[in-house]
Amino acid sequence: MKTDVTQVMVVEHQLILRMIALVEHNTLLLEQGKFRNWQFYLDAVDFIRNYADRFHHAKEEDVLFVELIKNGMPEKQSPIEAMQIEHDQGRAHVRAIEDAAQKAVDGVLGQATIIAEHAKGYAALLRGHIDKEDTILYPLAERVLPETVRERMLDAYATAAAKTPELEQRYVQMVEGYERQAAA
């Protein structure tokens, strides 16, 4: 039986999806004029940049995608290129959310519409992106990657996680805190 090299990322997707659900929930309230916690959006940007992008996407882009290419998957016009394009599209939404939320914190009016537009765009993009990874790319990776590279991949994931040992727990606590607020 082959060593599973994508399950760790599937598990990480669950925390990302919980944050996406919070973004969707709070953005709906924002559009109804019932939510003006700009710090939530800045915290969401922090989560996305540090947990989803640096912690999670780094494993995909620096380990999984590299091994897939080494083992025969084309870099261009492939699932890898499609996922990387979506990562970049997500980063553009995040920059726009951050800019508008910071302006809102600073008292600039009219930022709610910009935040809502990019928050909804990011959430929709990421939901589809995660679905494609979980149901298409990761099962494909599990079929094509040879056992000889799998332990090295898991070691690379562990090395990446060890660089920021408190990061995952910090973001779990952040999400849990906002979930409690949303439920109240």
Side-chain angles (χ1 to χ4, degrees), residues 8-65 79-134 137 160-184:
V8 65
M9 289 179 283
V10 170
V11 169
E12 290 169 1
H13 280 165
Q14 296 311 303
L15 186 61
I16 295 167
L17 287 168
R18 287 168 62 193
M19 177 55 86
I20 295 302
L22 288 164
V23 168
E24 291 167 329
H25 172 79
N26 290 338
T27 300
L28 179 63
L29 295 175
L30 176 68
E31 291 179 313
Q32 295 170 354
K34 299 176 184 175
F35 187 84
R36 291 291 185 263
N37 180 356
W38 310 124
Q39 187 59 49
F40 165 77
Y41 288 101
L42 293 174
D43 287 346
V45 165
D46 176 57
F47 172 93
I48 293 162
R49 284 207 175 124
N50 289 297
Y51 184 81
D53 206 9
R54 290 190 183 111
F55 184 76
H56 175 76
H57 288 166
K59 291 175 188 168
E60 289 176 343
E61 293 176 353
D62 299 340
V63 181
L64 179 64
F65 294 175
I80 292 171
E81 183 178 43
M83 295 299 100
Q84 288 177 320
I85 288 169
E86 289 182 358
H87 287 176
D88 289 341
Q89 290 170 338
R91 290 173 185 131
H93 281 300
V94 169
R95 282 190 301 273
I97 293 166
E98 180 184 41
D99 181 60
Q102 189 57 58
K103 285 178 180 174
V105 166
D106 295 340
V108 177
L109 300 177
Q111 300 306 304
T113 303
I114 297 166
I115 292 169
E117 173 190 342
H118 288 282
K120 290 189 311 188
Y122 179 79
L125 175 74
L126 254 286
R127 281 197 181 280
H129 179 84
I130 287 171
D131 182 63
K132 285 182 264 189
E133 286 181 340
D134 286 354
L137 182 63
K163 291 178 182 175
T164 52
E166 306 295 320
L167 184 128
E168 191 163 19
Q169 187 56 35
R170 173 179 169 217
Y171 290 110
V172 166
Q173 290 172 350
M174 174 191 286
V175 169
E176 288 173 349
Y178 279 118
E179 286 172 336
R180 284 190 298 277
Q181 287 179 14

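Heavy-atom basis, side chains included; hydrogens, waters and symmetry copies ignored. Not measured: the values here are computed from a predicted model.
Under the rule for a side-chain contact (heavy atoms from CB on, under 4.5 Å), the partners of Val63 that lie at least two apart in sequence or sit in another chain are Met153, Ala156, Tyr157. Here His56 pairs with His13 under the ring pair (Phe, Tyr, Trp, His ring centres under 6.0 Å) rule; sequence neighbours left out. When the side-chain hydrogen bond (donor to acceptor under 3.5 Å, both in side chains) test is applied to Glu117, no partner is found at least two apart in sequence or on another chain. In terms of the side-chain contact (heavy atoms from CB on, under 4.5 Å) criterion, residue partners of Leu167 (sequence neighbours excluded) are, by chain and number, Asn50, Tyr51, Phe55, Thr164, Tyr171. Every residue two or more places apart in sequence or in another chain that forms a side-chain contact (heavy atoms from CB on, under 4.5 Å) with His93 is listed here: His118, Tyr122, Leu125. In terms of the side-chain contact (heavy atoms from CB on, under 4.5 Å) criterion, residue partners of His87 (sequence neighbours excluded) are, by chain and number, His57, Glu60, Glu61, Phe65, Arg91, His129, Glu133.
The CG atom of Asn37 sits 7.5 Å away from atom CG of Asp43, with the distance rounded to the nearest 0.5 Å. Atom CZ of Arg54 is separated from atom CG of Asp62 by 12.5 Å, given to the nearest 0.5 angstrom. Note that NZ of Lys34 and CG of Leu28 are 8.0 Å apart. Values are rounded to the nearest 0.5 Å. Note: Leu126 CG to Glu24 CD = 10.0 Å, rounded to the nearest 0.5 Å. Asp53 CG to Ile16 CD1: the interatomic distance, rounded to the nearest 0.5 Å, is 9.5 Å. Atom NZ of Lys103 sits about 12.5 Å away from atom CG of Leu109, to the nearest 0.5 Å.
Checked for salt-bridge contact, Asp131 and Arg127 miss the test: no charged N lies under 4.0 Å from a carboxylate O.
Other residues, nucleotides and ligands contribute only 12 or fewer heavy atoms inside 6.0 Å of the CD atom of Glu166.
Pairing each heavy atom of Ile114 with each of Ala96, the nearest pair is CG2-O, 4.4 Å. Shortest non-hydrogen contact noted between Ala112 and Leu30 is O-CD2, 3.6 Å.
Side-chain contact between Leu22 and Glu179: present, with at least one pair of heavy atoms (C-beta onward) separated by less than 4.5 Å.
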**OP:** Check the pair Asp106, Gln102 against side-chain hydrogen bond (donor to acceptor under 3.5 Å, both in side chains), reporting the backbone distance first and the verdict last.
**Re:** CA-CA 6 Å; Asp106 295 340; Gln102 189 57 58; 3.2 Å; yes
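The side-chain contact (heavy atoms from CB on, under 4.5 Å) with Phe40 is formed by just one residue from the set Val45, Thr27, Val23; it is Val23.
Side-chain atoms of Tyr41 never come within 3.5 Å of backbone atoms of Ala116 as a donor-acceptor pair (strictly under, hydrogens ignored).
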